[in-house]
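Ligands are counted one by one from 1 in listed order, and the atoms in each one are counted from 1 as well.
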Amino acid sequence: MSCIFCKIATQEIPAKVVYEDEKVIAFHDINPQAPYHILVIPKKHLSTLLELTEEDKELIGHIYLVINQIAKDLGFAERGYRVVVNCKEEAGQTVFHLHFHVLAGRGMGWPPG
Ligand code: 5GP
Ligand code: ZN
């Protein structure tokens with residue numbers, strides 16, 4: 001198993017974890033792009049958004065509820081936050097284990113770069 005996020009999920013590689021349950025783990029991005037930059041990942045290995053199937057519907061709903069909980073716990077729910085998934089190279093994906101970026105703590109531009 002060479003996937004770096006699978007290794008974070010099994011704690012073979014350390015990360016600053018902010019939330020964990022049986023299905024997902026969330027941790028600080030190693031190269032933050034905002035005052036808060038959290039990555040939320042399913043523990044199950046899925047390379048990209050395109051690998052989702054019907055059986056993952058509940059998992060994805062769960063991830064969004066976890067994101068809301070993290071936003072409240074870390075204190076940026078009220079001001080707002082952005083959730084981003086980069087799907088494949090052209091969108092900027094570099095780690096091929098599905099992850100949801102949660103960015104907060106500064107004003108965000110639109111459109112994104
Ligand atoms: P992507 O470009 O695939 O959407 O996002 C990958 C993210 O993972 C990047 O923001 C990058 O900084 C982060 N990242 C890559 N390797 C590690 C790591 O070993 N630990 C942590 N915490 N974040 C990582
Ligand atoms: Zn993986």
Side-chain angles (χ1 to χ4, degrees):
M1 187 182 72
S2 61
C3 172
I4 194 162
F5 283 1
C6 281
K7 286 182 177 162
I8 287 175
T10 55
Q11 293 177 9
E12 269 180 75
I13 289 180
K16 291 185 190 167
V17 175
V18 297
Y19 177 90
E20 182 172 14
D21 63 30
E22 70 281 1
K23 291 186 192 136
V24 312
I25 187 165
F27 50 90
H28 287 273
D29 195 292
I30 205 167
N31 182 24
Q33 300 301 311
Y36 295 96
H37 188 170
I38 307 296
L39 299 174
V40 184
I41 69 169
K43 289 186 171 176
K44 164 183 173 177
H45 182 88
L46 293 161
S47 297
T48 77
L49 263 186
L50 281 165
E51 276 190 13
L52 292 174
T53 65
E54 286 288 320
E55 76 172 28
D56 301 312
K57 280 157 96 170
E58 198 183 319
L59 172 65
I60 297 307
H62 179 63
I63 285 173
Y64 275 97
L65 294 178
V66 165
I67 289 169
N68 285 353
Q69 191 57 53
I70 291 169
K72 289 174 194 161
D73 291 347
L74 297 188
F76 55 77
E78 205 148 309
R79 283 178 59 187
Y81 50 99
R82 181 172 289 178
V83 181
V84 175
V85 179
N86 297 324
C87 183
K88 303 181 76 177
E89 286 88 348
E90 193 161 292
Q93 186 173 4
T94 58
V95 175
F96 284 80
H97 178 127
L98 178 62
H99 51 280
F100 292 70
H101 295 262
V102 182
L103 299 141
R106 64 165 171 85
M108 305 275 164
W110 193 266

Is the side chain of Gln93 donor-acceptor paired with the backbone N or O of Glu89 at a distance under 3.5 Å, no angle test?
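Checked: no pair found.
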Options [options], ranked by nearest heavy atom to [atom], top entry:
{"atom": "atom 22 (N) of ligand 1", "options": "Lys88, His28, Gln93", "value": "His28"}
{"atom": "atom 11 (C) of ligand 1", "options": "Leu103, Val17, Asp29", "value": "Asp29"}
{"atom": "atom 6 (C) of ligand 1", "options": "Lys16, His37, His99", "value": "His99"}

Name the one of Ile38, Val18, Ile8 that satisfies side-chain contact (heavy atoms from CB on, under 4.5 Å) with Phe27?
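Among Ile38, Val18, Ile8, the one that satisfies the side-chain contact (heavy atoms from CB on, under 4.5 Å) with Phe27 is Ile8.
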Return yes or no for this condition: an N or O of [X] is under 3.5 Å from an N or O of ligand 1.
{"X": "Val95", "result": "yes"}
{"X": "Ile30", "result": "yes"}
{"X": "Leu39", "result": "no"}

Within the 4.0 Å heavy-atom shell around [X], which atoms of ligand 1 are there?
{"X": "His101", "value": "1 (P), 4 (O), 5 (O), 7 (C), 10 (O)"}
{"X": "Ile8", "value": "20 (N)"}
{"X": "Asn31", "value": "12 (O)"}

Contact check, [X] vs ligand 1, heavy-atom distance below 4.0 Å:
{"X": "Gln33", "value": "no"}
{"X": "Phe5", "value": "yes"}
{"X": "Gly92", "value": "yes"}

Tell me which protein heavy atom sits closest to atom 19 (O) of ligand 1, plus the residue, atom name and distance to 0.1 Å.
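Ranked first by proximity to atom 19 (O) of ligand 1 is Ile4 CD1, 3.4 Å.
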I need the nearest protein heavy-atom contact for atom 3 (O) of ligand 1: residue, atom name and distance, please.
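Protein heavy atom at minimum distance: Thr94 N, 2.7 Å.
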With a 4.0 Å heavy-atom cut-off (strictly under), which part of Ile13 contacts ligand 1: side chain, backbone, both or neither?
neither
Roughly how far, to the nearest 0.5 Å, is NZ of Lys7 from OG of Ser2?
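Here the rounded value is 6.5 Å.
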ILVMFWY network linking Ile70 to Phe100, side-chain heavy atoms under 4.5 angstrom
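Looking at the clustering, Phe100 is in the same group as Ile70.
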Lys23, NZ: over 12 other non-hydrogen atoms inside 6.0 angstrom
yes
Taking atom CZ of Arg79 as the centre, does the number of heavy atoms from other residues, nucleotides or ligands within less than 6.0 Å exceed 12?
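At most 12 heavy atoms, drawn from other residues, nucleotides or ligands, come within 6.0 Å of this atom.
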Just checking, any donor-acceptor pair under 3.5 angstrom between side chains of [X] and [Y]?
{"X": "Gln33", "Y": "Asp29", "result": "no"}
{"X": "Asp21", "Y": "His62", "result": "yes"}
{"X": "His37", "Y": "His101", "result": "yes"}

Could you identify the N, O or S atom of His97 positioned closest to the Zn ion (ligand 2)?
ND1
Of the non-hydrogen atoms in Pro42 and His97, which two are nearest, and what is the gap between them?
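Looks like O-NE2, 2.8 Å.
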Which pair of heavy atoms, one from Pro35 and one from Gly105, lies closest together, and at what distance?
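Residues Pro35 and Gly105, closest heavy atoms: CG-O, 3.4 Å.
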How wide is the angle at the Zn ion (ligand 2) between ND1 in His45 and SG in Cys6, to the nearest 10°?
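Angle ND1(His45)-the Zn ion (ligand 2)-SG(Cys6): 110°, rounded to 10°.
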